[in-house]
Amino acid sequence: MRMSRLFLRTLRDAPADADVESQRLLVRGGYIRKVAAGIFSWLPLGARVLRNVERIVREEMDAAGAQELVLPIIQPLELWQESGRDDLYGPLMFRLHDRKDTGFCLAPTAEEVVTAAVRGEYSSYRDLPVNLYQIQWKYRDELRPRFGLLRGREFLMKDGYSFDTDLDGLRASYQAMFDAYTRVFTRCGLTFRPVEGEAGEIGGDINHEFMAVAAVGEDDFVWCRSCDYAANVEVATRRDAHARAAEVADAARPAPESLHTPGMPGIAIVAQHLGTTDDQLLKCFAFDVGGRLGLARVPGDREVNEFALARAVAPEAMRVFTDDDFAARPGLPKGYIGPHHPSVELVVADPAIDAAHGWVTGANEVDHHAANVWFGRDFRVDVWAPIATVASGDPCPQCDQVLSVDRGIEVGQVFQIGTKYSEKLGALYTDEHGAQHPMVMGCYGIGVSRVVAAIVEEHHDEHGICWPAAIAPYAVHLVALAGRGEAAGEVRATADRIYEALRAAGVDVLYDDRDASPGVKFADADLLGMPVQLTVGAKGIARGIVERKVRATGERDELALAGVVGACT
RNA sequence: CGGGGAGUGGCGCAGCGGUAGCGCACCAGCUUUGGGUGUUGGAGGUCGGGGGUUCAAAUCCCCCCUCCCCGACCA
C-alpha cells in the first residue's frame, strides 16, 4: 500500500480523552477514531489488525472442530424473557422497538439465539456433539465505558457454544476450546495465563478466564513467571504457606516489653515509630464467627484474605468486624488489638506467624503496643491456615520460583454452563432409549477488539506500537528518502522497484512514498509499528544497500539491493 | 446513579463582558532532505444546544446535551 494513497492521518498529540496507552497510540497512529463514548471506527490500518486477530481466532476454532455461523445482532427481547435474562441484564442492554412496537435488543451475547437455533434443528443424541461460533459485534451500554477498546459499548467478540449429551462430552469440548484459546493468545503474542474464575452472570460451574498481563487490567491475579501457575488473588497460595518454624526454648526469649504508642492505630505508623519494618509486626484482625469473637493473624506486611479465612473456619460462617462490632466490645480497641485477648474464642493464624522470633503487636489497650510477644508463651493458635494474601515475590506453590501479583485484562473466558439455557429454552435431545434430556452446554468467548488493545498494551515503547508479526497490518514498512536532490529520481525508482518486487513475492508492504521529510517518515514508521522497516536513501543506494531495522528490538542491519526480497520472505 | 472537572477550526490549547487567537495538521510558494526543517502567504470556527441578563455574551445566570475523572457496577 502506498502511503500517499492510504486513508490515514497520524496525530502528533493524542486526544485528551484517551486514558490508556493502547487508545492513545491507536488513535495517534490512525488505526481507530472515537465516534462516541465506547464506540470506535476502525480505519484501514485498524481494520487490517482486527482482521488478523479474527483470522487467528477463526483458524484455531476451525482446527478445534468448531463451525462458524453468523447470528443476528438484533435479537427479539422475547428470547431474553424466555431465559429470564431480560431483567438480569436490565439497562446494560441497548433496547429498541420496531414500528409494531415489538421489543428488541442489540446483542450483548448470544446464548439465547444460538440455543434457539440448535433446538430448532437438532433433537437427537446422534446429532451431538456440535460446536458453533461466530465473530460478531456485541453491544453493552456500560455504566462507564473507558480504557478505549478495553471496555467499549460496541466490541467485536468471538462467541462459541458447545452442545453435548453429557458431562463427559462437555468436558472434552471444554478442553478442546481451552487448548484452542491457549494457541490463539500465544499466536497473538500476549503474555497470559488461564485463571480459574468465579461463576459470573452466565451462571456456569467450572470456568477459566484468560488474563493478559497488563498494568491497565481491571482484575488482580497471581501468576508464576516460570511455570503455568495462575490463580485469583482470593484462592492463590504460596510455597511455604503450610510450613512452620520450630519453637524456641523459653530461656532464649526476651520478656515482653510494653510500648507507649499514642495515636498510632495501625501497622505502618507503629513500624515507622519503632524504626522497623511492617513484617516485624503481628496484625490482628477481628471477625465474628457464629456470634463468637475470632482473631485472624498475619504478618504486618500482609492483608487477611477474607475468602481464605472463610474457608478456614468453614462450615461455620464468618463476618468481618464492623465499626458497630467494635463499639460493642470496648475491650477490643481497633488498631491496638493484641493476640492474647481473654474473650477470643477462635484464633486463626497464617503459618508465617512462626515461633522463631518475637512480634510487635497491640496490647489490647488504646495507645499501647507490646514487643517480644512470642507464639506459645504469649499467645495460642487454634487453626493454622494460609490466610495471608499472596504478594509479588512469594515462592510459587508449583515450582518455587517467583510469583507476581498483577493486573490482567480478561481477553477470553471458557464456561461449562451445563443445562441452564437448554432447560429454559427447551433445547432437548432424545437419547437411544427414547428419553428426552436437556443438551449440556459450554460457552466460550474471546474479546477480539479487546485483544487488539491488549496487544498494544504489551507491545509498545515511547515511540509507538511494536506489532507482533502475526498481527501487524503490513509485514514491512518501506521508507523512501527521495528528497529533491539529483538522486531523487533514482531513489524513487529504486524504492518503487523494491515495493513491486516485494508485492510480487507476496509480502504485505506499507510503502512511504510521500513527499515528506525523513524525520516525519521515521517517526510515523515507529508510531505505526510494522515489524520491519526498510529505508531506501541516496546514501544506501550509492553503496548498493538498503537499511533494515527491526521495530521491536531496534536492531539494524544492511541488505544488498538484490537480496531485499529474499530477506523479507 | 452520587461527587468532581471540561466542552473554542481535524488534534492539542489560550482567551473569561467590547464583535475570536496560538501550536500541530491542511492548501500554495520558497527552503530543507538520514530522526516530527525553516519561512512567507492562505483556507477553515453560528466558541456543545436552548433560554435569559446587557448597548454589547465564547466570557455572567438558568436549563439541557456530550465528554473526562473518582466511586458504585461489571462478559
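By convention in this document, chain letters (A, B, ...) are assigned in the order of the sequence lines, proteins followed by strands, and residues within each chain are numbered from 1. Only heavy atoms go into these numbers, but all of them, side chains included; no hydrogens, no water, no symmetry mates.
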State whether [X] places a side-chain N or O below 4.0 Å from either non-bridging phosphate oxygen (OP1 or OP2) of [N].
X        : N     : result
A:Arg140 : B:A75 : no
A:Lys158 : B:A75 : no
A:Arg144 : B:C70 : yes
A:Ser517 : B:U33 : no

| query | Do A:Tyr133 and A:Tyr161 have their ring centres less than 6.0 Å from each other? | reply | no

| Is the A:Phe104 to A:His97 ring centre distance short of 6.0 Å? | no

| Nearest nucleotide by nearest heavy atom, which residue falls closer to the 5' end of RNA chain B, A:Phe155 or A:Gly537? | A:Gly537

| Relative to the 5' end of RNA chain B, which residue comes earlier, A:Pro145 or A:Lys521, by the nucleotide with the nearest heavy atom? | A:Lys521

| request: Could you state the atom-to-atom distance from CD of A:Glu209 to P of B:C74 in whole Å? | output: 13 Å

Hunt down the Watson-Crick or G-U wobble partner of [N], both distances under 3.5 Å, from any strand shown, or write none.
N     : answer
B:G7  : B:C65
B:G45 : none
B:C1  : B:G71

Using a heavy-atom cut-off of under 4.0 Å over every strand shown, decide if [X] touches base, sugar-phosphate, or nothing.
X        : value
A:Asp159 : nothing
A:Lys549 : base
A:Gly519 : sugar-phosphate
A:Arg9   : sugar-phosphate

| said: Counting only heavy atoms not in A:Glu303 (residues, nucleotides, ligands), do more than 12 fall under 6.0 Å from its CD? | reply: no

| query | How far, in whole Å, is B:U66 from B:A72 if one measures between their P atoms? | reply | 24 Å

| task | Using the six-membered ring wherever Trp is involved, compare the ring planes of A:Trp223 and A:Phe221 and label them parallel, tilted or perpendicular (cut-offs 30° and 60°). | result | parallel

| task | May I ask you to decide whether A:Arg2 forms a salt bridge with A:Asp512, counting only side-chain N to carboxylate O separations under 4.0 Å? | result | no

| message | Between the base of B:G35 and the side chain of A:Arg556, is there a donor and acceptor pair under 3.5 angstrom? | response | yes

